[in-house]
Every structure is written in C-alpha cells, then in structure tokens.
Amino acid sequence: MLVRVLGSAAGGGLPQWNCNCRICALARAGNGRVSARTQSSAAVSSDGKRWVVLNASPDLRQQINDNPPLHPANGSRHSPIHAAVLTNADVDHVAGLLTMRERQPFAIYATTRVLAVLAANPIFAVLDQSLVPRRELPLEREVALCGADGTPLGLQAQAFAVAGKVALYLEDPSKGPGFGTQAGDTIGLAIRETGKPERFCYVPGCAAVDERLVQRLGGAELVLFDGTLFHDDEMLAGGTGAKTGRRMGHISIDGPVGSLVALSGVALGRRVFTHINNTNPILIEDSPERAAVEAAGWQVAHDGQEFQV
Ligand code: MLT
Ligand code: MN
Ligand code: ZN
C-alpha cells in the first residue's frame with residue numbers, strides 16, 4: 001500500500017492568504033527554513049494506479065498537478081482517483097469536491113453526519129450522483145473501498161469516531177459546549193490493503209487522545225496524526241486568532257495532555273504529524289520544537305511525502 005501526503009497544512013495552508021505571522025513570512029521568504037504546504041489531504045493506493053483521496057482540500061487541483069501518480073493517464077478524460085473518503089465536513093476537507101466536477105466518476109465515502117452536510121448544500125449537486133455515488137461509511141465496521149462502478153480498489157477502511165467538533169460553519173452555540181457536535185462529525189480511518197494485516201491510520205483532526213484511541217492506533221505501521229498546534233494557546237499568543245486548540249477541536253502537541261505525551265507509550269511503526277497550522281513552530285526546520293518532536297520519534301509531514309506500508 002502506498003500513502004502519499006498531498007497536503008500537510010491545516011485549513012488556510014502555508015502561507016495563508018491573509019497571514020503575516022512569523023512562519024507564513026518565512027514560507028514566503030523561501031530561504032529553506034519553512035516549506036510552503038497545501039491544505040490537509042492524503043492519497044492511498046493498493047497498486048500505485050488507482051488512488052483514493054482522504055479528504056478533498058481546496059488545494060486539490062494544485063495537489064493533483066504536483067503529484068504525477070494522480071495525473072490523467074488513459075484517453076482524453078481519465079483520473080486515477082476512484083474514491084474520496086471524508087473525515088469531517090470542514091472546509092479544508094470538502095471544498096475540493098467542487099474541483100472534482102467535470103463528469104468524472106468516483107465514489108464519495110463519509111459518515112451519515114457528513115453526508116447530511118453535503119446533502120443540505122445544493123452546490124455539491126454539481127457532482128451528479130449517477131456518476132458520483134455517495135456511500136455511507138459506517139462507524140467501526142470495515143468496508144471494502146470501491147470505485148463508482150463497484151470495482152474493489154484493494155483497500156479496506158474502518159472508520160472510528162474521535163473526539164472532535166462539528167464543522168466551524170455549523171457550530172450552534174444554543175446547543176451547549178459541544179456546539180451540536182455528534183459522533184461521526186469527526187472520524188479517524190484505519191486502512192489496510194485487502195488481505196494484509198498492516199494498518200495505516202489517518203487522524204487529521206482529533207480533540208483528545210483517550211484510552212480507546214490508544215488501543216486503536218497501537219501496532220499501526222503508520223499513523224498520520226493531527227499536528228495542528230504545538231501550544232494550545234499559540235494563536236492567541238501570536239495574535240493570529242482568538243481560539244485555543246481545544247476550542248477548535250484539536251489536541252495540541254505539547255503539554256501534559258498533548259499528543260506527544262499521550263501517544264508516547266503506543267507502539268507505532270512510523271508516527272507523523274500532519275494538518276499542521278501555519279502558527280506551529282515545528283514547521284521551522286531549525287526550531288527547538290521541531291527538534292523536540294523528532295527526538296520523540298515523530299516526523300513532520302511535507303507535501304509529496306510518500307510512505308510504503
Ligand atoms: C479545522 O481544522 O479546525 C478547520 O479546518 C477550521 C476551518 O474550517 O477553517
Ligand atoms: Mn482543518
Ligand atoms: Zn501564518
């Protein structure tokens with residue numbers, strides 16, 4: 001199984017269009033200390049020919065152009081992308097579906113909660129459902145991912161609910177501290193090649209690591225995990241936002257309840273931070289924070305990075 005990071009940044013990307021924070025400025029400077037990154041997405045394939053995108057980022061068009069395995073290869077209209085699996089309904093994970101119009105068959109997999117968000121927004125009708133079927137991804141039960149015509153793609157996916165938050169634009173303050181969040185609004189994925197035991201877990205959004213998640217990730221060959229913020233309050237401290245990571249539904253890396261500590265005792269083949277916000281100092285190649293996560297055995301994802309599982 002091949003796993004390719006299409007976009008390793010959180011929503012907004014790096015640099016973000018309206019951000020002049022230290023890290024966005026370094027990315028624009030192009031001096032090698034910070035590499036530009038596109039918004040959160042990965043692609044997975046059992047054969048290197050047929051690919052499944054995990055989330056459809058607003059940068060999908062650029063990501064396809066930047067990743068030759070995703071280029072059309074046969075005839076005048078073709079795409080190696082046979083399915084898209086969504087882990088939530090955030091803008092950075094669904095807006096790229098609009099790039100995938102043009103009457104190209106592929107299948108969309110998402111939970112009932114996320115499918116309901118797509119159904120409620122008529123702009124997604126640009127994807128004709130006779131060509132682009134929408135399929136429910138059940139929680140817990142492993143399913144064989146298939147293309148639009150039902151052909152198995154050689155990949156099994158199991159969705160599991162993780163702590164998180166309903167999409168920002170659907171937050172309802174009248175519904176209490178969770179803003180109306182329900183199970184299935186944010187999921188992680190465990191993916192393996194059909195007939196093989198090795199697991200790749202994809203968890204680009206996660207608010208907390210609990211015992212259940214620790215059990216679930218344990219033994220995975222590869223985990224790409226939510227690396228949005230290093231410090232829970234780094235957006236406040238840097239003057240780029242008013243919210244903590246906790247308020248945004250993202251566990252931070254550092255601190256006593258951070259992911260570095262929470263996952264430290266979990267046996268994982270490779271552990272990689274992705275969905276990294278442009279305020280996160282691990283993005284700076286020569287920062288102490290980058291050195292700290294690497295010393296703890298983590299990699300910092302970059303666009304175009306490929307893994308074999
Ligand atoms: C997030 O990960 O918190 C979201 O992508 C935020 C957003 O939708 O801008
Ligand atoms: Mn996001
Ligand atoms: Zn910035």
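Counting starts at 1 for both ligands and their atoms, following the listed order.
A salt bridge between Glu221 and Arg199 is absent, with no side-chain N of the basic residue lying under 4.0 Å from a carboxylate O of the acidic one. Salt bridge annotation for Arg77-Glu102: absent, with no cationic side-chain nitrogen under 4.0 angstrom from a carboxylate oxygen. Residues Asp286 and Arg33 are paired through a salt bridge, judged by an N-O separation under 4.0 Å between the basic side chain and the carboxylate.
Looking at His275 against ligand 1, only its side chain comes within 4.0 Å, counting heavy atoms.
When only non-hydrogen protein atoms are considered, atom 7 (C) of ligand 1 lies nearest to Leu168 CD2, 4.1 Å. The nearest protein atom to atom 1 (C) of ligand 1, hydrogens excluded, is given as His250 NE2, 3.2 Å; this is a heavy-atom distance.
At least one N/O/S atom of His275, whether from backbone or side chain, sits less than 2.8 Å from the Mn ion (ligand 2). Here Thr279 fails the criterion, with no N, O or S atom under 2.8 Å of the Zn ion (ligand 3).
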Is there a salt bridge (Lys or Arg N to Asp or Glu O under 4.0 Å) between Glu140 and Arg212 once you walk through the steps? CA-CA 12 Å; Glu140 302 298 337; Arg212 198 162 164 65; 3.3 Å; yes
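Checking Glu234 against Thr279 by side-chain atom types alone, a donor-acceptor pair falls below 3.5 Å.
Considering the Zn ion (ligand 3) as centre, the angle to SG of Cys19 and to OD1 of Asn278 is 110° (10° rounding).
Among Asp90, Val91, Thr228, the residue whose heavy atom lies nearest to atom 6 (C) of ligand 1 is Asp90.
For the atom pair CG (Leu6) and OG1 (Thr274), the distance works out to 9.5 Å, reported to the nearest 0.5 Å.
Its N, O or S atom nearest to the Mn ion (ligand 2) is what matters here, and for Asp92 that atom is OD2.
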